[in-house]
Each structure stands twice: as structure tokens, then as C-alpha cells.
Amino acid sequence: MLNVAVLISGTGSNLRALLEAASDPTYPARVVSVGADRDAPGLAHAADFGVASFAVPFRAYDSREQWGEELAGQLRAWQPDLIVLSGLMRLLPAAVVAEFAPRIVNTHPAYLPEFPGAHGVRDALAAGAAQTGASVIQVDEGVDTGPILAQERVPIEPGDTEETLHARIKPVERRLLIDVVRRIAVGDIDLDAP
Ligand code: GAR
């Protein structure tokens, strides 16, 4: 059984989908803890599934590094086999990446390396692209630069807004994330040699 810790910032709809998948006894991973960089509404999903949660509010620390030290301490306590960034809208400090890599993955609402960063959906619309996508990548010290583990195209429809497009991307992200975590758990994806 693969023990997964999930980090979020927002509503956590993708987290909820992973919690639902993991509640199936045949799924080879379980969520042991959910953390957030703020008082995120998505932490409530953890409670719904009887999973522990914690918040390490970024704004309560003097530096990104100090925040990262506390975050790493919380994660360490759970001894996760994998950390999933599921809408964590904060760059992890290098020391945190160094401690847990290569066992950190991130979901992103674009077809990387297209449209990296915090506004992947908005940037694809602003660029006038005909299509965008969803990606699950391994986290390195860059911004969305790690090895791509899974990705899929999503067409941009006429009249799409950031909200409508993001709403069509998220179900694709969920499917990819649940499948990537499963493949890591059963050894189909080797994070040491992706
Ligand atoms: C997801 O689309 C995720 O890919 C994105 O935030 C959303 C979180 O949604 N992450 C990023 O943009 C990271 N750069 P959720 O809170 O409803 O799961």
C-alpha cells in the first residue's frame, strides 16, 4: 500500500476525487494526510474521509524557507511514500524538494511545457490557443519543469471563460492523477527513473 500525503491551497476537488478512489479497497494507495498552506476549504474533504489534516499558513512565517521547514516536519511525521501537490499554489522551497524528491508529483491544468505557472488556464486562453490540456508531472526545483508522467489534450471551445475551461480540464486531471498514483503504487511508474 502506497501512503500518500496531499498538499492543497483551494477547494480540493481533485483531492476529493483521489480520496474517493482510495476508499476503494482494491486501489493500491491511501491518503494518510492532507496539508495546506492556508486555511483551505478543501481540508474539509479530509475530515469527510476520516483523514488527518494540517495547515501551515505561509503568511505566518518570515520566509519561504522557514515555512518549508515546518511543512517538511509535518510531512515527515507521516512518512509518506509519495507527496501529491493537488492545487498547491505555492512553490516548495528547494530544501523541501531535495528532501522528498523524486517522490513528489504535481497536477497542472495545461499541457506542459505549455503554460506553466500559477495561471495555466488563463494563459492558454490569453494566447488564443485552440487546445490546452492537463498534466501530471514529477516535481523538481523549477516551476512545472519536471518529467511529465501523464498528460492529455483538452480542446478550447469558442466562448470559453477561465471558469468553463478549467471546469472541463479538472475531470481530466482527476483521471490522470488517480491513474498515475495507481501506476506508481503498482510499480508501473518508477519515480527514480521516470
Ligand atoms: C487544479 O486545476 C490544479 O491543477 C491547479 O489548481 C487546481 C486545483 O483545483 N494547480 C495549479 O494551477 C498549480 N500550478 P482543486 O482545488 O479544485 O483540486
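In listed order, ligands and their atoms are each counted from 1. What's counted below: heavy atoms across the whole structure, side chains too, no hydrogens, waters or symmetry copies.
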Problem set entry | Which residue and heavy atom of the protein sit nearest atom 13 (C) of ligand 1, plus the separation | Met89 SD, 3.7 Å
Exercise. To which protein heavy atom is atom 15 (P) of ligand 1 closest, and what is the distance rounded to 0.1 Å?
Worked result: Ser13 N, 3.4 Å
Exercise. Does Gly10, backbone or side chain, put an N or O under 3.5 Å from an N or O of ligand 1?
Worked result: no
For this session: Give the cluster check for Val105 versus Leu18: same hydrophobic cluster or not, with ILVMFWY residues linked at side-chain heavy-atom distances below 4.5 Å.
Result: yes
For this session: Would you please determine whether Thr11 falls within less than 4.0 Å of ligand 1 on a heavy-atom basis?
Result: yes
For this session: Output the list of atoms in ligand 1 that are nearer than 4.0 Å to some heavy atom of Asn14, sorted by atom number.
Result: 1 (C), 18 (O)
For this session: Distance to 0.1 Å, residue and atom name: give those for the protein heavy atom nearest to atom 9 (O) of ligand 1.
Result: Lys170 NZ, 3.1 Å
Exercise. When rounded to the nearest 0.5 angstrom, what distance separates CZ in Arg64 from CD in Glu69?
Worked result: 13.5 Å
Problem set entry | Joint cluster assignment, Tyr111 & Leu85, ILVMFWY side-chain distance < 4.5 Å | no
Problem set entry | Nearest-neighbour protein heavy atom for atom 3 (C) of ligand 1, which is reported as residue plus atom name and distance | Glu173 OE1, 3.3 Å
For this session: Measure the distance from atom 7 (C) of ligand 1 to every protein heavy atom, then report the residue, atom name and distance (to 0.1 Å) of the closest one.
Result: His166 NE2, 3.9 Å
Exercise. If two hydrophobic side chains count as joined below 4.5 Å and joins carry through other members, does Leu191 share a cluster with Val136?
Worked result: yes
Problem set entry | Heteroatom distance test (Asp144, ligand 1): nitrogen or oxygen, under 3.5 angstrom | no
Exercise. Mind checking whether Arg16 has a heavy atom under 4.0 Å from ligand 1?
Worked result: no
Problem set entry | Heavy-atom pair of closest approach, residues Val34 and Val31 | CG2-CG1, 3.9 Å
Exercise. Does the pair Leu75 and Glu99 meet the rule for a side chain to side chain contact (heavy atoms under 4.5 Å, CB included), with working shown?
Worked result: CA-CA 11 Å; Leu75 288 169; Glu99 176 170 347; over 6 Å; no
Exercise. Near Thr107, which atoms of ligand 1 are under 4.0 Å from a heavy atom of that residue?
Worked result: 3 (C), 4 (O), 10 (N)
Exercise. Which of the numbered atoms in ligand 1 are below 4.0 angstrom from a heavy atom of His108?
Worked result: 4 (O), 14 (N)
Problem set entry | Nearest option to atom 14 (N) of ligand 1, as decided by whichever heavy atom of Ala134, Ser135, Gly117, Gly120 sits closest | Gly117
Exercise. Taking atom 8 (C) of ligand 1 as the point of reference, which of Gly42, Gly87, Ser9 owns the nearest heavy atom?
Worked result: Gly87
Seminar exercise, completed: For atom 12 (O) of ligand 1, the closest protein heavy atom turns out to be Pro109 CD, 3.4 Å
Exercise. Under 3.5 Å, is there a donor-acceptor pair between the Arg30 and Ser23 side chains?
Worked result: no
Exercise. How far is atom 16 (O) of ligand 1 from its nearest protein heavy atom, and which residue and atom name does that atom have?
Worked result: Gly12 N, 2.7 Å
Exercise. In the single-linkage hydrophobic clustering (I, L, V, M, F, W, Y; side-chain heavy atoms under 4.5 Å), do Val180 and Ile169 co-cluster?
Worked result: yes
Exercise. Is a salt bridge present between Glu163 and Arg122, judged by a nitrogen-to-oxygen distance below 4.0 Å?
Worked result: no
For this session: Would you give the length of the straight line joining atom CD of Glu70 to atom CG of Asp37, rounded to the nearest 0.5 angstrom?
Result: 13.5 Å
